[in-house]
Amino acid sequence: MIRFTSLGSGSEGNALLIEAGGPRGTRLMIDCGLPMRHALARIEARGVDPSGLDAILVTHEHGDHIGGVMALARKTGATVYLTRGTHAALHTRSAEASNGVTLRLIDSHEAFELGSVEIRPFPVPHDAREPVQYVIALGDLSLGVLTDLGMLTAHVERSLQDCDGLVLEFNHDPELLAKSSYPDSLKQRIAGRYGHLCNRDAAGFLAGLNLDRLQHVVAAHLSQSNNSPELVLQAVREALGDVPACFYLATQQDGFDWLTIQPAQA
Ligand SMILES: [Zn+2]
Ligand SMILES: [Zn+2]
């Protein structure tokens with residue numbers, strides 16, 4: 001089985017904790033944009049000893065994803081996996097950023113083994129140096145994560161076919177964003193092809209997936225200014241006709257609690 005929980009989701013910090021193959025299996029995080037102390041407290045609040053963390057997979061260099069990664073890795077001894085572009089961007093900012101941390105540079109198109117799981121990175125259109133998102137696979141089971149992208153591509157869609165669990169960005173409602181007090185340049189960035197996924201696009205993407213197979217779908221990275229849970233549910237209802245029972249919402253404050261995906265009953 002694979003179980004996963006978010007410690008927080010949104011522009012103030014993202015962190016997803018994943019355990020594959022039971023408590024003695026592989027334990028990893030995708031991103032940590034929360035300050036280390038908060039991340040440690042929230043990991044413990046989920047009943048997990050942070051020192052058992054094997055790895056942190058980084059998606060890209062924006063602060064809400066990488067802000068706490070190096071401090072947490074230094075504290076826990078977790079290995080940090082990131083693309084060459086993310087690494088270069090990080091080190092342009094600070095040459096010492098990863099001192100004392102074990103780094104592994106990854107290819108954005110190449111799957112690799114990490115303990116009991118296979119990690120499948122895939123590139124996404126977003127305004128960072130070399131952003132990726134991930135599918136975590138354990139045998140036939142897989143969890144897909146897709147946030148921080150301005151638009152869907154055929155490759156993104158292919159990468160996430162047949163997942164058993166999915167964390168999916170529902171960033172904003174385009175009308176709320178257009179009417180917001182954000183400067184025009186920021187509005188254009190968010191709504192642009194290298195920005196963030198709007199509710200309608202996310203819901204449309206979901207409608208094209210194998211919904212019979214999906215055990216859990218979590219709406220993530222909701223804008224606190226330009227979105228609301230009601231608008232997300234409305235977009236899902238419009239695309240799917242109804243909101244599936246397996247649909248959840250992640251919040252900035254609490255993320256979401258553990259969800260488990262398991263092999264289909266024979
Ligand atoms: Zn983000
Ligand atoms: Zn980003």
Side-chain angles (χ1 to χ4, degrees), residues 4-18 27-46 48 50 53-76 78-83 85-94 96-98 101 103-104 106 108 119 121 123-124 126-134 136 143-150 167-172 186 189-190 194-197 202 218-227 249-257:
F4 58 109
T5 176
S6 166
L7 311 179
S9 176
S11 59
E12 287 170 25
N14 297 273
L16 190 67
L17 180 61
I18 301 167
R27 190 174 287 158
L28 56 98
M29 277 177 70
I30 296 183
D31 292 333
C32 182
L34 304 167
M36 183 190 57
R37 276 171 201 286
H38 294 187
L40 286 172
R42 292 183 191 189
I43 292 170
E44 283 168 359
R46 296 287 195 256
V48 165
L53 195 61
D54 297 305
I56 307 174
L57 311 179
V58 180
T59 59
H60 63 298
E61 69 272 22
H62 290 161
D64 57 321
H65 297 266
I66 209 171
V69 167
M70 296 305 163
L72 184 66
R74 233 173 256 122
K75 178 86 179 166
T76 61
T79 302
V80 174
Y81 291 76
L82 71 182
T83 64
T86 303
H87 181 254
L90 179 68
H91 282 255
T92 307
R93 252 183 258 156
S94 157
E96 298 88 34
S98 60
V101 176
L103 298 181
R104 293 271 182 278
I106 62 166
S108 57
I119 312 292
V124 288
H126 189 54
D127 54 358
R129 280 285 275 279
E130 193 185 354
V132 288
Q133 295 291 322
Y134 295 98
I136 312 298
L143 168 67
V145 179
L146 183 66
T147 69
D148 294 72
L149 77 167
V167 177
L168 176 61
E169 170 161 59
F170 279 77
N171 182 261
H172 60 276
L186 182 56
R189 188 207 143 225
I190 293 170
Y194 296 91
H196 288 276
L197 211 57
V218 186
H221 216 304
L222 272 70
S223 164
Q224 297 194 69
S225 315
N226 302 313
N227 209 353
L249 291 152
T251 65
Q252 181 68 73
Q253 209 50 42
D254 300 311
F256 57 86
D257 206 352

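Residues: numbered from 1 along the sequence shown.
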Asker: Distance check, rounded to the nearest 0.5 Å: Asp54 atom CG versus Ile18 atom CD1?
Answerer: 12.0 Å

Asker: Indicate yes or no: at least one non-hydrogen side-chain atom of Asn171 is less than 4.5 angstrom from one of Asn227.
Answerer: no

Asker: Give me the atom names and distance for the closest heavy-atom approach of Glu169 to Ala202.
Answerer: O-CB, 3.1 Å

Asker: Met29 and Ala15: which non-hydrogen atoms are nearest, and at how many Å?
Answerer: CE-CB, 3.7 Å

Asker: Only one of Val48, Leu34, Thr5, Leu17 passes side-chain contact (heavy atoms from CB on, under 4.5 Å) with Arg42; say which it is.
Answerer: Leu34

Asker: Look only at the side chain of Tyr134 and the backbone of Val58, and say whether a donor-acceptor pair between them is shorter than 3.5 Å.
Answerer: yes

Asker: Does a donor on one side chain sit under 3.5 Å from an acceptor on the other, for Ser98 and His91?
Answerer: yes

Asker: Mind running side-chain contact (heavy atoms from CB on, under 4.5 Å) on Val218 and Phe4 for me, showing each step along the way?
Answerer: CA-CA 11 Å; Val218 186; Phe4 58 109; 4.2 Å; yes

Asker: Are the side chain of Asn14 and the backbone N or O of Gly33 linked by a donor-acceptor pair below 3.5 Å?
Answerer: no

Asker: Quick one: does Ile136's side chain get under 4.5 Å of Ile119's, heavy atoms only?
Answerer: yes

Asker: Spell out, as yes or no, whether a donor-acceptor pair under 3.5 Å connects the side chain of Gln252 to the backbone of Glu12.
Answerer: yes

Asker: Only one of Met70, Arg104, Arg74 clears side-chain contact (heavy atoms from CB on, under 4.5 Å) with Val80; which?
Answerer: Met70

Asker: When rounded to the nearest 0.5 angstrom, what is the spacing between CG in Asp148 and NE2 in His65?
Answerer: 3.5 Å

Asker: To the nearest 0.5 Å, what is the distance between CG (Leu57) and CG (Asp31)?
Answerer: 8.5 Å

Asker: With side-chain contact (heavy atoms from CB on, under 4.5 Å) as the test, would you mind laying out the steps for Leu40 and Leu72 before giving the verdict?
Answerer: CA-CA 8 Å; Leu40 286 172; Leu72 184 66; 3.6 Å; yes

Asker: What are the two closest heavy atoms between Glu130 and Thr83, and how far apart are they?
Answerer: O-OG1, 3.0 Å

Asker: Quick check: closest heavy atoms across Ile56 and Ala78, and the distance to 0.1 Å?
Answerer: CG1-CB, 4.1 Å

Asker: Can you tell me how far CZ of Arg189 sits from NE2 of His126, rounded to the nearest 0.5 angstrom?
Answerer: 5.5 Å

Asker: In Å and rounded to the nearest 0.5 Å, what is the NE2 to OG1 distance from His60 to Thr86?
Answerer: 8.5 Å

Asker: Of the non-hydrogen atoms in Val145 and Gln133, which two are nearest, and what is the gap between them?
Answerer: O-CB, 3.1 Å

Asker: Could you measure the distance from the CG atom of Leu149 to the OG1 atom of Thr147? Nearest 0.5 Å is fine.
Answerer: 8.0 Å

Asker: For residues Ser9 and His221, report the shortest heavy-atom separation together with the two atoms involved.
Answerer: OG-N, 2.8 Å

